[in-house]
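Accompanying notes for the structure given below.
Keep in mind the model is a prediction, meaning the values are calculated, not measured. For the numbers below, each heavy atom of this structure counts, side chains included, while hydrogens, waters and symmetry mates do not.
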Amino acid sequence: MGQRLNLSFATALTFAAFLSACSTGVEKPYFRTEGVATPVSNCSVDPQSLGRAEPVADFTDPSGCGARRAYRVYDVSGISFSQPALIRCELADTLAEWIAGTVQPRAKAIYGQKIASFKVVASYSCRPRNGKSGAKLSEHGMANAIDIAGFTLQDGREINVERDWYSGPADNRTFLRAIRSEACGPFHTVLGPGADIEHRDHFHLDLQRERGGGPYCR
Ligand SMILES: [Zn+2]
């Protein structure tokens, strides 16, 4: 069985190589970068004053990805991350604002306790939007976005975006809806369950500002 699977895999690889060899010689871009500019960071607060964070040297990738004034962030305002997030300083600052203004007050009101950690499932990632080849470069490719799939309360209870958004306990549904709707504004793009299939299991928060106009929240 294993051998058969390996053979199928090898066949798929050969077929993929054949397809790319058959192209016109111009590689289809993995993502588009027209109109995409690495955001200028104008941090009002150093993420190191918000929690454990390490500065990351500015970097650019020939493909168009990169980040300026990014940090590897382990926790913000007393909330630890399930994995370190590589994000721009402004995104860390906005997370702190959201945590203080919305996440913790809502958690205290609904659960009588605070949130202890975020389940971070993505931060910097050099890829197209929604992982679709040929789409525009994702804000993740500029360390300008973070994906959060769940929240853990101080008593260890977990609030899971995918599980609880539609069919979780009423307090979880209320909490998730409140913090998502109040993220819209401080964050310029807020996506989650119901937006599209890619966002069924997490909240995507970013600071995309090039579009102009108001925030985009779905
Ligand atoms: Zn995302």
Side-chain angles (χ1 to χ4, degrees), residues 16 19-20 23-24 26-43 56 58-73 76 81-95 97-98 118-151 160-163 165-166 176-177 179-218:
L19 277 183
S20 75
S23 70
T24 54
V26 180
E27 283 270 317
K28 193 179 171 192
Y30 184 48
F31 49 71
R32 293 182 291 110
T33 55
E34 310 94 76
V36 174
T38 309
V40 176
S41 287
N42 184 17
C43 317
V56 172
D58 292 0
F59 63 96
T60 50
D61 184 285
S63 65
C65 295
R68 295 183 201 139
R69 300 193 67 186
Y71 286 76
R72 194 173 306 281
V73 176
V76 169
F81 292 175
S82 59
Q83 59 172 316
L86 177 53
I87 50 177
R88 292 173 56 227
C89 54
E90 272 186 340
L91 194 59
D93 296 352
T94 308
L95 282 166
E97 186 189 325
W98 181 55
F118 284 172
K119 185 179 179 188
V120 172
V121 289
S123 53
Y124 172 77
S125 173
C126 188
R127 60 173 169 80
R129 288 184 184 171
N130 293 337
K132 287 182 178 149
S133 186
K136 216 170 179 183
L137 172 62
S138 167
E139 293 297 309
H140 286 283
M142 293 171 284
N144 201 28
I146 188 166
D147 291 346
I148 302 172
F151 306 84
N160 180 281
V161 173
E162 182 173 33
R163 182 193 65 201
W165 182 262
Y166 292 114
L176 290 172
R177 276 160 180 76
I179 63 167
R180 177 178 173 178
S181 99
E182 289 168 31
C184 184
F187 295 99
H188 277 221
T189 308
V190 178
L191 302 170
D196 52 39
I197 190 73
E198 286 80 14
H199 295 92
R200 71 192 178 284
D201 59 358
H202 67 273
F203 293 160
H204 165 102
L205 311 170
D206 78 43
L207 289 178
Q208 208 263 68
R209 290 180 195 274
E210 78 203 32
R211 171 188 314 117
Y216 179 84
C217 306
R218 290 282 164 90

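Here the side chains of Leu176 and Val161 are in contact, with some heavy-atom distance below 4.5 Å. Residues Tyr216 and Cys184 are not in side-chain contact: their nearest non-hydrogen atoms beyond the backbone lie 4.5 Å or more apart.
Between the side chain of Arg180 and the backbone N or O of Arg177, no donor-acceptor pair lies under 3.5 Å. Side-chain atoms of Arg218 do not come within 3.5 Å of backbone N or O of Asp196 as any donor-acceptor pair.
Considering every non-hydrogen atom in both Val73 and Ala92, the closest pair reads CG2-CB, 4.4 Å. When all heavy atoms are compared, the tightest approach of Gly134 to Arg32 is O-NE, 3.0 Å. For the residue pair Thr94 and Pro186, the shortest heavy atom distance occurs at CG2-O, 3.3 Å. Nearest heavy atoms, Phe203 versus Pro193: CE2-CD, 3.9 Å. Taking all atoms of both residues into account, the shortest heavy-atom contact from Ile179 to Trp98 is O-NE1, 3.0 Å.
Separating the CE atom in Met142 from the CZ atom in Arg68 is a distance of 10.5 Å, to the nearest 0.5 Å. Between the CD atom in Glu139 and the NE2 atom in His188 there is a gap of 11.5 Å [rounded to 0.5 Å]. Rounded to the nearest 0.5 angstrom, Leu91 CG and Leu205 CG are separated by 7.5 Å. Rounding to the nearest 0.5 Å places CG of Leu191 at 6.5 Å from OG1 of Thr189.
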Begin with the C-alpha distance, continue with both residues' side-chain angles, and end with the deciding distance and a verdict on side-chain contact (heavy atoms from CB on, under 4.5 Å) for Arg200 and Glu162.
-> CA-CA 6 Å; Arg200 71 192 178 284; Glu162 182 173 33; 3.6 Å; yes
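Every residue two or more places apart in sequence or in another chain that forms a ring pair (Phe, Tyr, Trp, His ring centres under 6.0 Å) with His199 is listed here: His202, His204.
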Let me have the donor-acceptor pairs involving side chains of residues 118-126, under 3.5 Å, with sequence neighbours excluded, atom names and distances please.
residue, atom, partner, partner atom, Å
Ser123, OG, Leu86, N, 3.0
Ser125, OG, Arg127, NE, 3.3

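When each of Leu95, Asp206, Asp93, Asn144 is paired with Ile87, the side-chain contact (heavy atoms from CB on, under 4.5 Å) condition holds for Leu95 and for no other.
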